[in-house]
Each structure stands twice: as C-alpha cells, then as structure tokens.
Engineer: 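A single structure is presented below for examination.
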There are 2 protein chains.
Amino acid sequence: MDGALTRAAIARAARRVLEREGLAGLSMRRVAAELDVKAASLYWHVRNKEELLDLLTDELLTGAEPPPREGPWRDQFREYCLIHRRLLLSVRDAAKVVGGRFVLGPNVLRLLEEQLDRLREAGFTPEDAALATYTLSSYVQGMVLQEQAPLAAAETTGTGRGEIAAAAGEQLRGLPAETFPNLVAMADAISGPAMEARFRFGLELVLDGLEERLARTRAAAAD
Amino acid sequence: MDGALTRAAIARAARRVLEREGLAGLSMRRVAAELDVKAASLYWHVRNKEELLDLLTDELLTGAEPPPREGPWRDQFREYCLIHRRLLLSVRDAAKVVGGRFVLGPNVLRLLEEQLDRLREAGFTPEDAALATYTLSSYVQGMVLQEQAPLAAAETTGTGRGEIAAAAGEQLRGLPAETFPNLVAMADAISGPAMEARFRFGLELVLDGLEERLARTRAAAAD
DNA sequence: ACCTGAACACCGTTCAAGT
DNA sequence: ACCTGAACACCGTTCAAGT
C-alpha cells in the first residue's frame, strides 16, 4: 500500500521522519530516503519543502476525532481543545510545524465544519462562531508551542525536561529583589503550575467569555 | 559603538538580517557578514544558532513600552496585548522566531515583572496573576503566528497579501455544500473579519473571563 | 508520466592556526 | 582572548537524462 509515491504517502513519511528526528532533522533527503527514493523525485509531487510542510500539517490532524456530540456545548469545546492539545503534544515539534501555516486541508476543513455546526446549534451567530474557532485554535497552538519549547531546549542543552521548570524557578528566585520584587516573590506561583493546569486555566477563561457572549446574543434575540 | 563584537551587537545584527531577509534568510554566515566578520567568529560568543535565536527573541522585545499605569486594569491589559501584537507584526517572521522558544531574557523579565505587579494590584492572587500572563502571551503569540502565516505563504506563491483572504473565501464557497454546509454558508463570516477584529474578539473573551475570576476572588475574600 | 545523477549554491559547526 | 581559513557533512532545488 505504500508502494505508490503519492502526496499522501509523502505526508505520512514526513510524519514518521518528524517523530523520529524532530523538525531539525526533517529534510527532503530524509523524507525521500524513508520512501526508498531520491530527493529529486519528491519535486514531481510537491512544489518545494514549504508545500511538503503544508501536507504534513494536515496529516498531523489525521487522528483527530471530535468528542461525542452530547451535553452542554461548553463541555464539548473543552474536550475539543484538550484533544487538540494532546494530539499536538503527541508528535515531536508538531506545534512548530503547524504554527504559522495557513492550510485548508481535508482534516482542517472536516474539523472546522463540525465545530461551526455545534457552535451554531448552541446559538452563536455565524460571525461569533467563526471568531470563536479562531480564538480557540490560536490559544491551543500558542500554548502548546510554549509547552513544547522547554523540551526542545532540553534537547540542545542536554538537561532533562522536568529540571527545566525547576531551573526556571531557581533563576527567578535568584533575581535581584529590588528590581524584580514580584518575580522573586511569586517564583513558585510562576514556575509551579503544571502545563495542563496552565492550559486549562486560560481555556476556562475563553469559555467563560464565550458563555457571556452567548447570553448577550440570546438576550438581544429575545427583544 | 558597533565596533565591538558582543552578544548584544550580534542580536541587533540578527534583527536587521531578519527584517531584511526573513527567517529563511537568517543564517549564521549572513549575520556574521552584517558585522563584517566570519561565521566562525560568532561561535566564540554564542554556543550555536539556537542560542543566537534566543538572543534575537529577547532583542525583538526591545522597543516594548508598557502602557501608562492609569485607568482600569482591563484597559491596561488590552493595551498591553495590542502593543505586543503590533510589535511582533512590525518585524517579518517575528512570531515564528519567538514562538516555541523559552527565554528569560532581560526584556521578558522586565515586562513580566511589570504585568505581575499590575495584576496583583488589581486584586488577583499570585497564582491567577501568573496564569493570566501565560494565557495572554500564548494567545497573542498564537494569533500573530496565524496572522503572519498568509504573508509568508504569499511570499512563496507570489500572490498578494490581501488576495489570500479573498482566495480563502472563494475556496470555502466552492466546497461541496452537502459535506460542508456550514463552511459554504458561513464563508464570508469566516474569511471576512479583518485580522485586528479577530484579535480583539478573543482578547475581550479572555479579559471577560479574567474579570469574572477577579470578582469571584473578591467575593471569597469578603467572607 | 515519473524517477534519477549530477551539479549548484548554499548551510551549521569544528578546529587547528593565527594574532 | 578573540578571530580566521579551511574543511566536513550536510542542505534545498534544478535539470538534463533516462525509462
């Protein structure tokens, strides 16, 4: 089934290389080698590396299954975002690949369509529904980008992943207290919270905001 | 003043190269050339390119001035985020450089200290203040990353920047209406809103959520 | 229509050698 | 202490040539 050299096969091969070698190791030559082919061959199917990364971006969303369509919309969208986060986290450097890329691939379209449908059903206006999806996906992407950053840093410096947070705490505590009183005093509060807790905090803020917005929409419609 | 080859001078040179050539054109050799020096020389001051990018990340925040410390905290933080956004937008590929990088440079520390101070004064707990800054900066970064993406795409494809949004709208409208009813029907609502409007929408959601959170904190404290 | 060999102009990084 | 020349092992991309 992998015999044919197609765009889909190239995307899957790129994914395997990314998982194994990271973004820095993702070269046209290695993706080609993964497919037992020479680098130049890829250029028949793909304009350049940018386009290959676009294919890879949609490929990375392949496993994404929407949460069950039951219960309050708020719970559904919390799940949506947690799933999105876990998916990105599950592949090395995934957020860096996806971030800053404008792709309307089949998986993106499928997920977007489903989200918009649920938001409309919940009572959001078309404009608010569209804007809500932008907000949520940007937040998830920005947050996972931050979350995967220390891991990348740990790789280059050779330090362990968990130690990075502790090291950050140390660094903050060691700052001059005259110029950075808050950073010193709040060192634990800053470096302490686990990544998932940080993620959930902001997520609930956005969901709170959306709920208020929906309430106002309904009140206006009732007039 | 630029005679000495220091880490600060290297960071400034990297910024100039980034603005002129973009992230793809930012090579050790070009940064070195910008300083009338050979690439190998940089390695005396900097471990590797990753570390140079870390320096550049903090350098990119150099011009960031906090908004005046007056009026409601909510207005102050709206301004903070708008400033942060404009700053990133003002340098080509800035979001891609900053994103996914864990840097506690002088500028980051200075801005973070100031933000935490204002949040504490507004009545947030240390934990909530720390979490709020994570949420806001992740959101800004994720959003600007999206915003700079079409520009990057326009460069490689040769299309104009404004046309990209229109093209996205066209693409959505042209989708099969049976499988993507919402994407087709809402094509305008999705591709229409200007970038700053999209940014402000999500920003107000987060600020709404923070306001609620603060109200609850105060209610609990009053008991 | 699809793949390859060979080449071009670049990379990041190292290290012995210079001053 | 700081910079360079020269080299190494890679890159992305092109294109004439093969089948």
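Labels below follow one simple rule: chain letters A, B, ... track the order of the sequence lines, proteins then strands, and each chain is numbered from 1.
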Engineer: Could you work out, with salt bridge (Lys or Arg N to Asp or Glu O under 4.0 Å) as the rule, every residue matching B:Arg101, not counting sequence neighbours?
Structural biologist: B:Glu50, B:Asp54
Engineer: What does the B/S/- profile of nucleotides 12-19 of chain C look like, 5' to 3', with a 4.0 Å heavy-atom cutoff to protein?
Structural biologist: BBBB----
Engineer: Check salt bridge (Lys or Arg N to Asp or Glu O under 4.0 Å) between A:Glu79 and all other residues, then give those that pass, not counting sequence neighbours.
Structural biologist: none
Engineer: For A:Asp58, check salt bridge (Lys or Arg N to Asp or Glu O under 4.0 Å) against everything at least two apart and list the hits.
Structural biologist: none
Engineer: Represent DNA chain D in dot-bracket notation, 5' to 3'. Only Watson-Crick or G-U wobble pairs with both distances under 3.5 Å count; pseudoknot-style crossings use [ ] and interstrand partners use |.
Structural biologist: ||.|||||...|||||.||
Engineer: Identify, with sequence neighbours excluded, every residue that meets side chain to side chain donor-acceptor pair (under 3.5 Å) alongside B:Glu34.
Structural biologist: B:Arg16, B:Arg20
Engineer: Between C:dC11 atom P and B:Leu23 atom CG, what is the distance in whole Å?
Structural biologist: 13 Å
Engineer: In this structure, how many angstroms lie between the P atom of C:dC3 and the CG atom of A:Leu5, rounded?
Structural biologist: 5 Å
Engineer: Of all residues at least two apart in sequence or in a different chain, which pass the salt bridge (Lys or Arg N to Asp or Glu O under 4.0 Å) check with A:Glu113?
Structural biologist: none
Engineer: Answer yes or no: does a side-chain N or O of A:Trp44 lie under 4.0 Å from OP1 or OP2 of C:dC3?
Structural biologist: no
Engineer: Please output the side-chain donor-acceptor pairs of residues 168-179 of chain A that fall under 3.5 Å, not counting sequence neighbours, one pair per line with the distance.
Structural biologist:
residue, atom, partner, partner atom, Å
A:Arg173, NH1, A:Asp188, OD1, 2.7
A:Thr179, OG1, A:Pro176, O, 3.4

Engineer: Flag the pair A:Glu147 and A:Arg85 as a salt bridge only when some basic side-chain nitrogen lies within less than 4.0 angstrom of an acidic carboxylate oxygen.
Structural biologist: yes
Engineer: Using whole Å, what does the distance between atom P of nucleotide C:dA1 and atom CZ of A:Arg7 come to?
Structural biologist: 17 Å
Engineer: Ring pair (Phe, Tyr, Trp, His ring centres under 6.0 Å): which pairs involve residues 4-59 of chain B, sequence neighbours left out?
Structural biologist: none
Engineer: Please check the phosphate of C:dC3 (OP1 and OP2 only) for any side-chain N or O of A:His45 closer than 4.0 Å.
Structural biologist: yes
